[in-house]
Protein chains: 2
Amino acid sequence: MAYTQHVLSGRWKFLILWFLKTKEHRFGEIKALLNDISQGSLTKQLRELEKDGLIYRNVFPEVPPRVEYSLTPKGCEFLPILEMMESFGLKFGKTID
Amino acid sequence: MAYTQHVLSGRWKFLILWFLKTKEHRFGEIKALLNDISQGSLTKQLRELEKDGLIYRNVFPEVPPRVEYSLTPKGCEFLPILEMMESFGLKFGKTID
DNA sequence: CCGTATCCCATAGGATACTG
DNA sequence: CAGTATCCTATGGGATACGG
């Protein structure tokens with residue numbers, strides 16, 4: 001569990017995984033979704049998720065560059081947890097933001 | 001989900017809830033379990049969990065004082081999530097500590 | 001477009017000392 | 001025993017500027 005906690009440490013990891021739930025997304029799309037994340041932070045969080053094996057990073061050799069992120073099988077196995085957290089939030093949440 | 005994340009923010013919350021899973025525990029017991037948490041930090045984490053309605057704080061009017069912490073129904077509803085995190089950790093974890 | 005490199009600051013949380 | 005009250009530091013992450 002300490003491991004799971006580690007893997008999710010970081011302000012944006014949950015939301016990123018949640019966003020990749022249905023389909024892959026480009027860097028810019030993720031950035032747009034999390035509209036007050038800085039570019040540097042986003043890169044860092046994505047690299048950590050990649051390093052921990054939860055997401056793939058797919059670089060297309062184009063100009064301008066395109067990079068797509070998607071869930072690995074391991075990342076997919078994490079989705080049920082996120083779903084439970086989501087419904088817990090819906091049931092008890094007093095809307096933080 | 002942002003709410004769920006908020007509720008769990010803090011280095012020790014997971015472990016505290018996990019420890020209270022089966023039965024209530026005294027302040028000192030929790031402190032002993034998390035053997036490198038400072039007293040101040042523990043108090044803070046417990047107060048937050050209490051404020052967020054996940055645990056009860058039961059003060060016994062004795063000398064020396066005895067305080068027991070236990071899960072609320074809401075806290076219990078959180079257990080399945082912890083269990084999934086635990087098994088995810090067991091499956092993929094590369095033992096952090 | 002998707003980064004990397006710096007700098008800079010707020011905050012979580014540890015250490016320590018003291019009380020009812 | 002189970003707290004408070006201070007102080008202090010490490011680190012996460014934002015802002016900004018630049019690069020392939």
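Chain A is the first sequence line, chain B the second, and so forth, proteins listed ahead of strands; every chain is numbered from 1. It should be emphasised that the depicted structure is a prediction, and the values quoted were computed from it without experimental measurement.
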Inset, instruction - Verify, without hydrogens or angle tests, whether B:Gln5 (side chain) and A:Arg11 (backbone) share a donor-acceptor contact under 3.5 angstrom. - result: yes
Legend entry - Residue pair B:Ile55 / B:Thr72: nearest heavy atoms and the distance that separates them: C-CG2, 3.5 Å
Inset, instruction - To the nearest Å, give me how far apart CD (A:Gln5) and P (D:dG12) are. - result: 13 Å
Inset, instruction - For B:Glu62 and D:dG3, give me the distance from atom CD to atom P, rounded to whole Å. - result: 13 Å
Legend entry - B:Arg57 vs D:dA2: side-chain N/O to OP1/OP2 distance below 4.0 Å: no
Legend entry - A:Leu34 CG - D:dG14 C1' separation (whole Å): 14 Å
Legend entry - For atom NE2 of B:His25 and atom C1' of D:dA2, their distance in whole Å: 17 Å
Legend entry - Under 3.5 Å donor-acceptor, B:Lys13 side chain and B:Ser9 backbone: yes
Inset, instruction - Could you check whether B:Tyr69 gets within reach of a base, just the sugar-phosphate, or nothing at all, counting any heavy atom under 4.0 Å? - result: sugar-phosphate
Legend entry - For atom CG of A:Asp36 and atom P of D:dG14, their distance in whole Å: 8 Å
Legend entry - Validation row, ring centre B:Phe92 to ring centre A:Tyr3 under 6.0 Å: no
Legend entry - Between D:dG12 (C1') and A:Lys13 (NZ): distance, integer Å: 11 Å
Legend entry - Positions of residues 37-44 of chain A (non-hydrogen atom under 4.0 Å from DNA chain D), listed by number: A:Ile37, A:Ser38, A:Ser41, A:Lys44
Inset, instruction - Please find out if less than 6.0 Å separates the ring center of A:His25 from that of A:Phe19. - result: yes
Inset, instruction - State whether the side chain of B:Ser70 and the backbone N or O of B:Glu24 hold a donor-acceptor pair below 3.5 Å, judged by distance alone. - result: no
Inset, instruction - Please confirm whether B:Arg66 makes a cation-pi placement over B:Phe60, using NZ or CZ under 6.0 Å from the six-membered ring centre and within 45° of the ring normal. - result: yes
Inset, instruction - Under the ring pair (Phe, Tyr, Trp, His ring centres under 6.0 Å) rule, what do A:Tyr56 and A:Tyr69 come out as? Steps first, then yes or no, please. - result: CA-CA 6 Å; A:Tyr56 293 124; A:Tyr69 295 91; over 10 Å; no
Inset, instruction - Look at the side chain of A:Gln45 and the backbone N and O of A:Leu42, then say whether any donor-acceptor pair between them is shorter than 3.5 Å. - result: no
Inset, instruction - Establish, with yes or no, whether the OP1 or OP2 oxygen of D:dA2 is under 4.0 angstrom from a side-chain nitrogen or oxygen of B:Arg26. - result: yes
Inset, instruction - Please find the earliest and latest nucleotides of DNA chain C, in the 5' to 3' direction, that have an atom within less than 4.0 Å of any heavy atom of chain B. - result: C:dG13 to C:dG20
